[in-house]
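Here is the structure we will look at.
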Amino acid sequence: MSETKPVRTRFGPSPTGPLHIGGARTALFGWLLARHYGGQFILRIEDTDQTRFVEGSVDLVKNGLSWLGLDWDEGPDKGGPYGPYTQSERLDLYQKWAQWLLDNDKAYRAYDTPEELDAINNELRARKLPPGYDGRHRNLSPEQEEAFIAEGRKPVIRFKTPQEGKIVVKDLIRGEVEFDNSTLQDTVLLKSDGFPTYHLAVIIDDHFMEISHVTRSIEWFPSLPLHTHLWQAFGWEMPQYAHLPVLLNPNGKGKLSKRHAGFSEDGKQILVLTKEFEDAGYYAPAVVNFLTNIGWNFGDEREVFDVEEAIERFDITTVNPANSVYPIEKLDWLNGIYIREKMTDDELVTELQKPLEAAGYTVDLDVLKQIVPIVKTRIKTFNDVVDLAGFFFSEDFKPPTPEDVIQKKMDAAQTRDLLLATDEVLATIEPFDHTTLYERMKELVGELGLKNGQVFGAQRVAVTGQTISTPTFETMEILGREETRRRIQLVAKLLE
RNA sequence: GCCCCAUUCGUCUAGUGGCCUAGGACAUGGCCCUCUCAAGGCUAAAACAGGGGUUCGAGUCCCCUAUGGGGCACCA
């Protein structure tokens with residue numbers, strides 16, 4: 001790629017809501033590209049549509065990026081040499097260059113009203129032509145213009161799109177594509193309220209911010225011919241473009257979007273906002289790994305890698321051009337890998353404390369630290385710890401139902417006797433650790449003439465209150481002799 | 001309606017004319033391990049959308065069809 005110019009990419013969210021996982025993926029690839037070349041990643045707020053502005057969304061987007069570790073070098077909050085980085089603060093620039101286009105006969109004022117535009121649209125449709133604008137104000141005489149102005153009409157500025165011939169555009173992922181200029185329209189560049197449309201703003205900003213590579217979602221691909229014409233009209237050197245494929249819904253129908261959020265066939269919630277992933281107990285580096293694997297692959301048949309490794313290898317030109325169904329089930333697996341292989345126990349203590357406390361438990365950090373080794377192979381998300389091991393922290397132990405305690409081919413009396421026998425062992429056993437406990441309880445099984453499953457099962461349920469839990473004897477060890485006995489006795493009493 | 005992009009196991013992908021008896025991963029089934037559940041190990045099933053070309057040879061190149069996606073705003 002460019003040897004002389006520094007690589008600069010940007011992410012340009014419009015502040016209309018929180019950061020979406022699709023947007024995050026797009027941002028990630030741009031970020032990866034910049035970081036790979038040691039360049040800069042710029043955050044630019046594209047708020048040229050005043051009507052869609054949602055208060056607070058800039059912060060939500062920034063929080064989402066930060067959570068994922070996608071840091072930006074220049075942006076509205078950080079400043080930088082090419083600011084301001086919020087489009088609504090750059091209006092004079094856009095207006096100046098729109099005027100330049102006018103002065104150089106590359107654009108014109110159009111005075112059509114919304115109603116007239118509708119009519120044109122309908123007419124074009126009726127004639128089976130692409131809807132849009134037919135360019136009727138391209139060559140207005142000064143008198144006609146004055147008449148419109150006298151009517152109080154406010155003009156827009158439209159681009160004089162070349163109408164004949166073909167244009168070849170270049171995309172880093174797809175190669176060269178040819179478009180017929182006759183299919184293009186005289187697009188609005190400056191709205192009647194003086195704000196630019198995306199098309200004008202993006203070209204001007206990318207130029208003055210010295211963006212070297214434009215990474216954006218595939219839905220922008222159809223406007224590449226327009227943008228290419230615009231670059232040529234301005235006579236500016238064009239950056240390289242890479243249009244990223246999008247994420248599709250799990251059912252394969254349509255682009256993943258907020259509106260499609262909901263539940264999949266198996267009843268699981270489909271997460272789409274980065275905040276939702278965070279709240280659901282996913283680890284940001286795992287999410288980044290997951291996202292990086294969609295549409296791009298590390299090579300060497302490796303699925304698990306650190307972001308530093310991805311940066312080193314990332315190549316935008318090898319991105320798969322096809323859209324992908326969002327492979328969400330892989331995230332659970334990856335998150336599990338990160339939990340058990342990549343995170344330290346101390347990090348896990350910090351992360352697991354949050355959902356536990358959110359669930360209302362008072363967390364003893366010493367206890368939490370002890371249970372980390374036995375929960376980490378059993379959870380996929382941080383939140384899973386609540387159901388698996390919340391019982392370690394419940395001050396008033398929630399006893400199980402008798403049906404859960406009583407094992408196969410046993411009745412309440414037998415089970416109670418079993419627990420009482422267990423309690424007797426617990427009272428005196430030394431040392432009170434899981435290997436000793438396990439060895440002794442195996443003997444107890446024989447003494448009682450029962451099966452492993454019957455004894456261990458009843459003990460598990462009695463101590464943890466659940467049928468699925470951390471290993472029983474490790475659990476007892478952590479709970480301690482006193483608490484373990486208290487629970488066993490309590491459950492035994494329930495069976496009377 | 002018109003224009004554009006795409007199409008390999010259920011899903012994410014490897015594959016850039018012979019190394020493909022199409023590889024990996026997730027999910028799924030089986031076995032092992034085992035105090036539950038996991039984790040781990042082994043293993044099984046599972047794909048080049050269809051049809052025409054080009055070529056000695058096609059998953060890989062070309063065309064058509066089908067399907068999916070995107071676009072055609074004073075939204076981004």
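Proteins get letters first, then strands, A, B, ... in listed order; numbering begins at 1 in each. Please read all numbers here as calculations on a predicted model, not as lab measurements.
Contacts of A/Val156 with the nucleic acid, taken as non-hydrogen atoms under 4.0 Å apart, include base atoms. Within the 4.0 angstrom heavy-atom criterion, only backbone atoms of the sugar-phosphate kind lie near A/Ser14; the bases stay farther away. A/Gly132 comes within 4.0 angstrom of the backbone, heavy atoms only, and of no base. Counting any heavy atom pair closer than 4.0 Å across all strands shown, A/Arg174 reaches sugar-phosphate atoms only and no base atom. Counting any heavy atom pair closer than 4.0 Å across all strands shown, A/Ser324 reaches sugar-phosphate atoms only and no base atom. Contact annotation for A/Pro321: backbone-only contact, meaning every heavy-atom pair under 4.0 Å involves sugar-phosphate atoms and none involves a base. Across all strands, A/Pro196 comes closer than 4.0 Å only to sugar-phosphate atoms, never to a base (heavy-atom distances). Across all strands, A/Leu224 comes closer than 4.0 Å to no nucleic acid atom at all (heavy-atom distances). Residue contacts for A/Asp112: at a heavy-atom cut-off of 4.0 Å it reaches a base atom on one of the strands shown. Among the atoms of the strands shown, base atoms are found under 4.0 Å from some heavy atom of A/Trp220. Residue A/Ser223 is classed as having no contact, given no heavy-atom separation below 4.0 Å to the nucleic acid. Counting any heavy atom pair closer than 4.0 Å across all strands shown, A/Gln185 reaches sugar-phosphate atoms only and no base atom. At the heavy-atom level, A/Tyr198 lies under 4.0 Å from base atoms of the strands shown.
Across all strands shown, B/rA6 forms a Watson-Crick or G-U wobble pair with B/rU67, both key distances being under 3.5 Å. Figure legend. B/rG1 is base-paired to B/rC72; pairs are counted as Watson-Crick or G-U wobble with both atom distances under 3.5 Å. Both distances falling under 3.5 Å, in either a Watson-Crick or a G-U wobble arrangement, place B/rG29 opposite B/rU43. Pairing for B/rC61 goes to B/rG53, judged as Watson-Crick or G-U wobble with the two contacts each under 3.5 Å.
Taking the six-membered ring where the residue is Trp, A/His243 and A/Phe221 present perpendicular rings, their angle passing 60° and hence far from 30°. Aromatic ring pairs are classed by plane angle as parallel below 30°, tilted from 30° to 60° and perpendicular above 60°; the pair A/Trp220 and A/His199 is perpendicular. Under the 30°/60° scheme for interplanar angles, the aromatic rings of A/Trp97 and A/Phe208 are found to be tilted. Using bins of under 30°, 30° to 60° and over 60° for the plane-to-plane angle, the ring pair A/Tyr198/A/His227 lands in the tilted bin. The aromatic rings of A/Phe382 and A/Tyr283 sit perpendicular, their planes meeting at an angle over 60°, well past the 30° parallel limit.
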For this session: Walk me through it: do A/Thr381 and A/Asn383 pass the test side-chain hydrogen bond (donor to acceptor under 3.5 Å, both in side chains)?
Result: CA-CA 5 Å; A/Thr381 67; A/Asn383 293 9; 5.2 Å; no
Seminar exercise, completed: With sugar-phosphate taken as primed atoms, P, OP1 and OP2 and all else as base, the protein-contact string of nucleotides 19-29 of chain B at under 4.0 Å (heavy atoms; B, S, -) is ----BBBS---
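Checked by distance alone, A/Thr197 brings no side-chain donor or acceptor within 3.5 Å of a matching partner on the base of B/rC74. Counting distance only, with no hydrogens placed and no angle test, the side-chain atoms of A/Arg378 and the base atoms of B/rC37 include a donor-acceptor pair under 3.5 Å.
A straight line from CG of A/Leu117 to P of B/rC75 spans 11 Å, rounded to a whole angstrom. Regarding A/His227, its NE2 atom lies at a distance of 13 Å from the P atom of B/rG71, rounded to whole Å. The CG-C1' distance, from A/Leu334 to B/rU11, rounds to 14 Å in whole Å.
The one candidate from A/Leu68, A/Val272, A/Leu271 that meets the side-chain contact (heavy atoms from CB on, under 4.5 Å) condition with A/Phe277 is A/Leu271. The one candidate from A/Arg136, A/His137, A/Arg153 that meets the side-chain hydrogen bond (donor to acceptor under 3.5 Å, both in side chains) condition with A/Glu116 is A/Arg153.
Taking atom P in both B/rG24 and B/rC64, the straight-line distance is 36 Å, to the nearest Å. With both ends at atom C1', the span from B/rU65 to B/rG40 equals 49 Å, rounded to whole Å. B/rG68 and B/rU16: their P atoms are spaced 30 Å apart (whole Å). Rounded to whole Å, the C1' atom of B/rC19 lies 29 Å from the corresponding atom of B/rG10.
In the region residues 336-343 of chain A, proximity to RNA chain B at under 4.0 angstrom, judged on heavy atoms, holds for A/Arg340. A heavy-atom distance below 4.0 Å to RNA chain B is reached by these residues of residues 471-479 of chain A, ordered by number: A/Pro471, A/Thr472, A/Phe473, A/Glu474.
Using a distance-only test at 3.5 Å, with no hydrogens or angles considered, a donor-acceptor pair links the side chain of A/Gln185 to the main chain of A/Tyr133.
Residue A/Asn297 places at least one side-chain N or O closer than 4.0 Å to OP1 or OP2 of B/rA14.
The environment of CD in A/Glu312 is sparse: at most 12 heavy-atom neighbours from other residues, nucleotides or ligands sit within 6.0 Å.
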